[in-house]
Peer 1: 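Have a look at the structure that comes next, please.
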Amino acid sequence: MTNDIYGPFPGSTEFVSALTEGQRARYEELGTNLDVVERRIADACAAAGRARDEVTLVVVTKTYPAEDTALLAGLGVTDVAENRDQDAAPKAEQCRNLPLAWHFVGQLQTNKVRSVVRYANHVHSVDRLRLVGSLSAAVLKAERPELGCLVQVALDKEHGEGEHRAGVAPEDVAQLADAIADTPGLRLDGVMTVAPLAGPLAGDPARAFDRLAEIATAVRADHPAATMVSAGMSGDLEQAIAAGATHVRVGTAVLGVRSPLR
């Protein structure tokens, strides 16, 4: 690739005119998909009586190349998410000059923490005290700004299911939230969940996200600044917005169906 789409001014006339034929086709495809998702979000906000600017679209770029991330930035996307550091770290480095906020949404092992804090603005998947300590130590050593952290809630664990799934049971959220808020280098931003696969809320994202909203309200009672509620993906973003989600994590609906070989 001879042109540079990783510069600091995506979306300009020069940016678009410099695209190769293949890049332009992908740019237009992504733009069409983004328009559809934006309409869905706007309609869901209107139905819920919420302003459109209350909801941030986080595009999940996992398995897709840095080139797609740059094209998304050119289309006005400001927030992107990854779930594997080995893929995210080089992609974030390549896109370091783009005006993007990076969200880490996957299960995070402590041996990856030092790498993740180099580029992540938010970690949505904080689910244990040991990880809190590791993140704090890495942030302080890197002398970077505070890292935004969300408590990952495993709603199925409330009913004795999902023992091996990432996330904490609802009854343990308050303790972990307090720990994040009291730990140097970290900022408690809110809560995150994925619609459960087991238990009475499985297959009912509306009820699941309503339950998350109750948990988020309880967290905010003790930590008023923890306003982020990360919930909803391509298939259930409307239900998440209806329940008060502030951030929806959308991948397939924007980037297309992922190949298992990618």
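For reference, positions follow the sequence shown, starting with 1.
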Peer 1: Could you tell me the separation between the CG atom of Leu57 and the NE2 atom of His247, rounded to the nearest 0.5 Å?
Peer 2: 10.0 Å
Peer 1: Is atom CD of Glu21 surrounded by more than 12 heavy atoms (other residues, nucleotides or ligands) closer than 6.0 Å?
Peer 2: no
Peer 1: May I ask you to say whether Glu38 pairs ionically with Arg52, meaning some side-chain N is under 4.0 Å from a carboxylate O?
Peer 2: yes
Peer 1: Is Leu255 close to Asn33 at the side-chain level, that is, under 4.5 Å between some pair of heavy atoms?
Peer 2: no
Peer 1: With sequence neighbours excluded, tell me which residues meet side-chain hydrogen bond (donor to acceptor under 3.5 Å, both in side chains) with His122.
Peer 2: Asp189
Peer 1: Check side-chain hydrogen bond (donor to acceptor under 3.5 Å, both in side chains) between Arg207 and all other residues, then give those that pass, not counting sequence neighbours.
Peer 2: none
Peer 1: Taking Val105 as the starting point, is it possible to reach Leu147 by hopping between hydrophobic residues whose side chains are less than 4.5 Å apart?
Peer 2: no
Peer 1: Is there a side-chain contact between Lys91 and Gln94, using heavy atoms and a 4.5 Å cut-off?
Peer 2: no
Peer 1: Scan for salt bridge (Lys or Arg N to Asp or Glu O under 4.0 Å) pairs involving residues 214-228, sequence neighbours excluded, and state none if there are none.
Peer 2: Arg211-Glu214
Peer 1: Mind checking what makes side chain to side chain contact (heavy atoms under 4.5 Å, CB included) contact with Asp85, not counting sequence neighbours?
Peer 2: Ala89, Phe104, Lys112, Ser115, Val116, Tyr119
Peer 1: Do Val219 and Val151 come within less than 4.5 Å of each other through their side chains, counting heavy atoms only?
Peer 2: no
Peer 1: If you round to the nearest 0.5 Å, how far is SG of Cys149 from CE of Met192?
Peer 2: 12.0 Å
Peer 1: So how far is it from Asp53 CG to Thr246 OG1, rounded to the nearest 0.5 Å?
Peer 2: 12.0 Å
Peer 1: Quick one: do Trp102 and Tyr64 end up in the same hydrophobic cluster if we chain Ile, Leu, Val, Met, Phe, Trp and Tyr together by side-chain heavy atoms under 4.5 Å apart?
Peer 2: yes
Peer 1: Would you say that more than 12 heavy atoms from the other residues, nucleotides or ligands in this model lie under 6.0 Å from the CD of Gln175, or not?
Peer 2: no
Peer 1: Show me the pairs that pass salt bridge (Lys or Arg N to Asp or Glu O under 4.0 Å) and involve residues 127-153, at least two apart or across chains.
Peer 2: none
Peer 1: Can you tell me how far the CG atom of Leu30 sits from the CG atom of Leu75, to the nearest 0.5 Å?
Peer 2: 6.5 Å
Peer 1: For Ala216 and Val229, which heavy atoms make the closest approach, and how far apart are they?
Peer 2: CB-CG2, 3.8 Å
Peer 1: How about Asp87 and Thr63: do any of their side-chain heavy atoms sit closer than 4.5 Å?
Peer 2: no
Peer 1: Compare every heavy atom of Ile215 with every heavy atom of Pro170, then report the nearest pair and how far apart it is.
Peer 2: CB-CD1, 3.7 Å
Peer 1: Ser125 versus Gln107: any side-chain heavy-atom pair under 4.5 Å?
Peer 2: no
Peer 1: May I have all residue pairs that pass side-chain hydrogen bond (donor to acceptor under 3.5 Å, both in side chains) and include part of residues 233-244, sequence neighbours excluded?
Peer 2: Arg40-Glu238
Peer 1: Same cluster or not: Val60 versus Val250, using hydrophobic residues (I, L, V, M, F, W, Y) connected whenever any side-chain heavy atoms lie under 4.5 Å apart?
Peer 2: no
Peer 1: For Asp210, enumerate each residue passing the side-chain hydrogen bond (donor to acceptor under 3.5 Å, both in side chains) test, keeping only those at least two apart in sequence or located in another chain.
Peer 2: none
Peer 1: For a quick test of reading the model, state the closest non-hydrogen atom pair linking Thr193 to Leu212 and the distance between them.
Peer 2: CG2-CD2, 3.5 Å
Peer 1: How close do Pro145 and Val139 get, counting heavy atoms only, and between which atoms?
Peer 2: O-CG1, 3.9 Å
Peer 1: Distance from Ile180 atom CD1 to Leu150 atom CG, nearest 0.5 Å?
Peer 2: 8.0 Å
Peer 1: Using 0.5 Å steps for rounding, measure from the CD atom of Glu67 to the OH atom of Tyr6.
Peer 2: 5.0 Å
Peer 1: Checking Pro184 now: which residues fulfil side chain to side chain contact (heavy atoms under 4.5 Å, CB included) with it, not counting sequence neighbours?
Peer 2: Ser136, Leu140
Peer 1: Taking the side chain as every heavy atom from C-beta outward, state whether Val37 and Val248 have any atom pair closer than 4.5 Å.
Peer 2: no
Peer 1: How close do Ala208 and Leu155 get, counting heavy atoms only, and between which atoms?
Peer 2: O-CD1, 3.3 Å
Peer 1: So if you build clusters from Ile, Leu, Val, Met, Phe, Trp, Tyr with side-chain heavy-atom gaps below 4.5 Å, do Ile41 and Val80 land together?
Peer 2: yes
Peer 1: Do the side chains of Leu19 and Leu71 get nearer than 4.5 Å, heavy atoms only?
Peer 2: yes
Peer 1: Between Arg26 and Asp68, does any NZ, NE, NH1 or NH2 come within less than 4.0 Å of an OD or OE carboxylate oxygen?
Peer 2: yes
Peer 1: Kindly write out the residues that satisfy side-chain hydrogen bond (donor to acceptor under 3.5 Å, both in side chains) with Glu54, not counting sequence neighbours, or none if the list is empty.
Peer 2: Arg50
Peer 1: Using side chain to side chain contact (heavy atoms under 4.5 Å, CB included) as the criterion, list what pairs up with Ala169, not counting sequence neighbours.
Peer 2: Lys157, Glu171, Asp172
Peer 1: Verify the neighbour count for atom CD of Glu29: are there more than 12 heavy atoms of other residues, nucleotides or ligands below 6.0 Å?
Peer 2: yes
Peer 1: If you group Ile, Leu, Val, Met, Phe, Trp and Tyr by side-chain heavy-atom gaps below 4.5 Å, do Met233 and Met228 land in one group?
Peer 2: yes
Peer 1: Through direct or indirect side-chain contacts below 4.5 angstrom among Ile, Leu, Val, Met, Phe, Trp and Tyr, which residues connect to Phe209?
Peer 2: none
Peer 1: Go through the structure and list residues passing side chain to side chain contact (heavy atoms under 4.5 Å, CB included) with Ala101, not counting sequence neighbours.
Peer 2: Asp79, His103, Asn121
